[in-house]
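Both ligands and their constituent atoms are indexed starting at 1 by order of listing.
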Amino acid sequence: MLIKTTPRWAIPERDATPEAIFRQRRALLKSAGAAAAVAMVPGAAHANIFDRLLGKDTPTPDNEVDPSADLYPAPRNEAYQVLRPMTDENLATTYNNFYEFGSHKRIFDAAQALDIRPWTVEIAGLVGKPQVIDIDDLLRSVQLEERVYRLRCVEAWSMVVPWTGFPLSEIVRRAEPQSGARFLKMETFYNPEVAPGQRASWQPWPYVEALTLEEATNPLAFLATGAYGKPLEEQMGAPLRLAVPWKYGFKSGKSLVRFTFTDTMPTTFWMEVGPEEYGFWANVNPEVPHRRWSQATERPLGNDDSDRIPTLLYNGYADEVAGLYAAMDGQRIFY
Ligand SMILES: Nc1nc2c(c(=O)[nH]1)N[C@H]1C(S)=C(S)[C@@H](COP(=O)(O)O)O[C@H]1N2
Ligand SMILES: [Mo]
């Protein structure tokens, strides 16, 4: 159910290039680095890339107005704040991990190929109420709120993002899990035609992540549908992505299409790719190094590598979640 208020062929006013920016673009074009960047990017993407390089916010190039746009900005839940500066929106939307669109950070243009309407979300497995929900029906039947969360990538860079969304426990509630359900498996879309990364057949597509039901119903576990007071951009995992801020970033799957309740621990994408390096639990702990690097410090996006900050146990959320693991073996839960 996609309501287009602007036809695809129309060029909205906001796409018009003010003269000053046009001149800046030409200046950039003349520099050697920019020329190299141009060579790598197909024609239509140039304007977007240059706007990003210049720090200008840009609309999604497909010129579709998101049918949920009127739901943003949502009221901020002041219970979730971070005592660190927010990451600049332009950094958060141009430095991403989304392997479906490439194994590097500059996938924001490639990710625009993902069509985020129509979009349905399936609830399946050991549940009393299996169902398929249209994303817009879902968005209009929950109470959206804004929460500022830390995100700590296992690669040791980090962000502070104002997400908009709703608690993951809402999905659990609607599913009415059977008594045997212990894990919640979350799957990303699968469409190798738009996601070139998924043509790599040696990787176990689609991207799968999972939590225990106790984790999934912890109040911190959040499904993000927006960020920075707007609907999510594709590269951030539109139209629905997880935000579990006490775990390394890879636990927060993007562009989710299916929630399956199971009685056995699912094998996740990264467990299959590198079981020695990326485990099921992946709780942030500065004292437990990755096999190839220390996790003691992190680089907030926007900082130089010389300007790192200490990483916190459970990424700063120990008060909220340490109890989930109190009865478990210490090392096992931290990779
Ligand atoms: N489907 C999918 N979800 C994903 C990933 C991915 O490659 N594919 N990367 C993960 C990793 S490693 C991180 S750090 C975060 C990055 O989120 P961001 O790009 O919004 O900062 O997304 C996670 N979710
Ligand atoms: Mo990550």
Subject >> Per-ligand residue contacts, ligand 1, heavy-atom threshold under 4.0 Å >> reply: Asn96, Asn97, Phe98, Tyr99, Glu100, Cys153, Trp157, Met159, Thr188, Tyr207, Met236, Arg241, Gly249, Phe250, Ser252, Gly253, Lys254
Original post:
Where is the tightest heavy-atom contact between Val172 and Pro177, given as atom of each residue plus distance?
Top reply: O-CD, 3.2 Å
**OP:** Could I get the full list of side chain to side chain donor-acceptor pair (under 3.5 Å) partners for Glu78, not counting sequence neighbours?
**Re:** Gln81
Subject >> Plane angle bin for Tyr149 and Tyr317 - parallel if under 30°, tilted between 30 and 60°, otherwise perpendicular >> reply: perpendicular
Subject >> Tyr207: partners by side chain to side chain donor-acceptor pair (under 3.5 Å), with sequence neighbours left out >> reply: Trp270
Subject >> Contacts of type salt bridge (Lys or Arg N to Asp or Glu O under 4.0 Å), residue Arg199, not counting sequence neighbours >> reply: none
**OP:** Pick out which of Glu155, Arg152, His290, Glu287 makes a side-chain hydrogen bond (donor to acceptor under 3.5 Å, both in side chains) with Gln295.
**Re:** Arg152
